Colleague: 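Structure below; questions to follow.
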Amino acid sequence: MSPDIVIVGAGPAGLCLARTLSGHGLSIVVLERQAEQALAEPAFDGREIALTHGSQTLLERLGLWARLPSKEVAVLRDAQVFNGPSLFALKIRAEQAGAEHLGHLVANQAIRRTAYQAVSDCADVQLLCDASVRTIEQRAGEVKLVLHDGQVLQPRLLVAADSRFSETRRQLGIGAQLKDFGKSMLVCRMQHEREHQQIAWEWFGYGQTLALLPLNGRQSSTVLTLPPREIERLQKLDEASFAREMERRFERRLGAMQLVSSRHAYPLVGAYARRMVGHRCALLGDAAVGMHPVTAHGFNFGLIGVQLLSDALLATHGKRRDIGAPAPLARYERQLRLATWPLYQATNLLVELYTNDQLPARLLRGAGLRVAQGLLPLKKGIARHLTARA
């Protein structure tokens with residue numbers, strides 16, 4: 001089989017790229033290890049995605065936004081950052097950018113389901129599930145994939161979109177800068193007594209980091225970052241004991257709390273590919289840039305990559321040139337690095353500082369937030385970044 005493009009990984013980034021490229025005379029194959037039923041009805045995985053206005057615009061253009069049930073979309077109005085036991089907070093308000101809200105929160109489960117539905121409507125996209133790549137061969141002018149079932153694919157372009165621990169990236173011989181933070185995060189939904197007022201919290205405590213993402217009603221997605229053994233202990237608690245412990249960790253700022261979902265744990269590892277492209281190949285989504293979740297920017301970066309790569313490929317295809325040639329891929333890599341490297345590095349530095357509990361760092365943490373709170377142009381800039389439509 002010789003499709004124009006093979007995308008390895010039917011996660012949201014890979015499926016959104018397929019949907020973006022559909023309808024332009026290109027044949028597209030998406031490979032996925034999971035069974036198709038797991039894509040059609042993905043299980044709840046605890047992750048809530050904070051979408052900027054720009055990401056919403058792209059999802060609207062792809063026909064995904066309209067498919068999301070309103071009950072699964074929550075408004076993210078403002079955000080605030082706490083340090084240690086202090087009640088002082090750095091506040092980022094949407095009104096600072098002349099907007100009503102900073103963005104929206106949507107469950108990863110819902111995004112995956114709607115992305116699958118949108119791609120299922122595309123006659124020029126073939127989805128091969130229960131499929132995995134055994135070997136990849138790159139030769140002059142071609143790339144060849146041999147699947148575990150013996151099937152051979154020879155696309156003009158291969159796109160790896162199979163997570164920050166991408167096996168495809170490794171098979172292509174592309175390394176990545178991995179940043180292991182030595183922690184795990186536990187995510188779940190909690191119901192609470194007090195209103196969250198659609199405000200997200202990031203709380204850098206001493207020995208833990210807490211995040212609260214406001215959902216509809218008096219429910220929030222809570223994210224707790226601790227050493228792996230502590231996370232394992234919390235997962236084993238019964239629901240009532242877990243709820244009491246979360247109340248204590250939040251210092252009852254939300255009143256009584258109740259667990260209303262399953263609990264999920266993930267290792268905290270960042271990833272930044274040393275190269276975004278290679279011979280007739282490109283990296284996308286977490287395979288290219290896997291962010292620490294503190295800025296909730298991971299999938300937004302994935303959608304930026306979808307936009308940049310599709311623009312480069314469709315412009316080249318429109319001129320009847322080779323979509324796998326070095327020039328369009330180099331342009332994609334250059335633009336993606338410019339869009340992601342500064343925030344990736346800044347995020348890692350922020351996490352290093354605000355998870356360091358030594359006395360000098362504690363003093364610097366508090367001072368840093370107070371200085372930032374007084375810098376109105378900085379806060380306006382962050383708000384504008386989140387609310388920009390494109």
Side-chain angles (χ1 to χ4, degrees), residues 1 3 5-23 26-49 51 55 58-59 62-74 105-134 145-153 155 158-169 171 186-189 215 221 235 260-267 284-287 290 298-299 302-303 306:
M1 188 188 303
I5 299 170
V6 168
I7 301 169
V8 181
L15 291 176
C16 284
L17 179 66
R19 180 67 185 87
T20 306
L21 297 174
S22 177
L26 294 166
S27 56
I28 305 157
V29 171
V30 181
L31 299 179
E32 173 55 43
R33 285 180 176 271
Q34 297 183 88
E36 188 163 358
Q37 183 60 33
L39 298 180
E41 289 297 333
F44 176 74
D45 62 10
R47 291 177 289 186
E48 308 289 338
I49 308 300
L51 295 171
S55 293
L58 179 57
L59 293 178
L62 297 180
L64 270 68
W65 192 260
R67 295 174 184 265
L68 291 169
S70 58
K71 65 180 181 180
E72 296 187 10
V73 179
L105 287 159
V106 182
N108 186 56
Q109 171 193 31
I111 294 174
R112 292 177 65 90
R113 183 176 62 247
T114 55
Y116 168 80
Q117 293 169 350
V119 167
S120 297
D121 293 340
C122 301
D124 50 3
V125 178
Q126 182 179 1
L127 187 59
L128 295 182
C129 292
D130 295 305
S132 59
V133 179
R134 185 168 65 197
L145 292 81
V146 180
L147 307 187
H148 276 283
D149 65 1
Q151 188 173 179
V152 177
L153 303 177
L158 167 63
V159 178
D162 53 339
S163 89
R164 66 190 62 200
F165 305 109
S166 171
E167 292 182 14
T168 309
R169 183 181 65 213
Q171 287 184 306
L186 186 150
V187 290
C188 62
R189 289 183 175 183
L215 304 177
S221 171
Q235 283 187 291
V260 292
S261 78
S262 51
R263 288 165 276 184
H264 301 264
Y266 300 95
L284 181 72
D286 280 0
F299 185 51
L303 288 177
V306 167

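All of these numbers come straight from a predicted model, not from anything done at the bench. Computed over heavy atoms, backbone and side chain alike; hydrogens, waters and symmetry mates excluded.
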Colleague: At what distance, to the nearest 0.5 angstrom, does CZ of Arg189 lie from OG of Ser261?
Modeller: 7.0 Å
Colleague: Any side-chain donor-acceptor pair under 3.5 Å between Tyr116 and Glu41?
Modeller: no
Colleague: How far apart are the closest heavy atoms of Cys16 and Leu303, and which atoms are they?
Modeller: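 Closest heavy-atom pair between Cys16 and Leu303: SG-CD2, 4.0 Å.
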Colleague: With distance as the sole criterion, is a donor-acceptor pair present between the side chains of Asp286 and Ser163 under 3.5 Å?
Modeller: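 Result is no, nothing qualifies.
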Colleague: If you take all heavy atoms of Val30 and Gly9, which pair is closest and at what distance?
Modeller: CG1-O, 4.1 Å
Colleague: Minimum heavy-atom separation for Ala10 and Leu127, please, with both atom names.
Modeller: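 Closest approach of Ala10 to Leu127: CB-CD1, 4.2 Å.
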Colleague: Mark yes or no for whether Arg164, through its side chain, and Gly285, through its backbone, hold a donor-acceptor pair below 3.5 Å.
Modeller: no
Colleague: Looking at NE2 of His264 and CG of Asn108, how far apart are the two atoms once the value is rounded to the nearest 0.5 Å?
Modeller: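 Atom-to-atom, His264:NE2 and Asn108:CG are 11.0 Å apart.
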Colleague: Give, for atom CG of Leu17 and atom CD1 of Ile7, the distance between the pair rounded to the nearest 0.5 Å.
Modeller: 4.0 Å
Colleague: Which heavy atom of Val306 sits nearest a heavy atom of Ala13, and at what distance?
Modeller: CG2-O, 3.6 Å
Colleague: Any ion pair linking Arg113 and Glu72 (charged N to carboxylate O, less than 4.0 Å)?
Modeller: yes
Colleague: Evaluate the side-chain contact (heavy atoms from CB on, under 4.5 Å) criterion for residues Val133 and Val146: first the C-alpha distance (whole Å), next the side-chain angles of each, then the deciding distance (0.1 Å), finally the verdict.
Modeller: CA-CA 6 Å; Val133 179; Val146 180; over 6 Å; no
Colleague: Report the distance from atom CG of Leu158 to atom CG of Leu31, rounding to the nearest 0.5 Å.
Modeller: 8.5 Å
Colleague: Rounded to the nearest 0.5 Å, what's the gap from CG on Leu145 to CD on Gln151? Could you check?
Modeller: 10.5 Å
Colleague: Where is the tightest heavy-atom contact between Arg19 and Cys122, given as atom of each residue plus distance?
Modeller: CD-SG, 3.6 Å
Colleague: Can you tell me if CD on Gln235 sees more than 12 non-hydrogen neighbours from other groups inside 6.0 Å?
Modeller: yes
Colleague: Locate the shortest heavy-atom distance separating Gly23 from Asp124; write the atom from each residue and the value.
Modeller: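 That would be N-OD2, 2.7 Å.
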Colleague: Just checking, any donor-acceptor pair under 3.5 angstrom between side chains of Thr168 and Asp162?
Modeller: yes
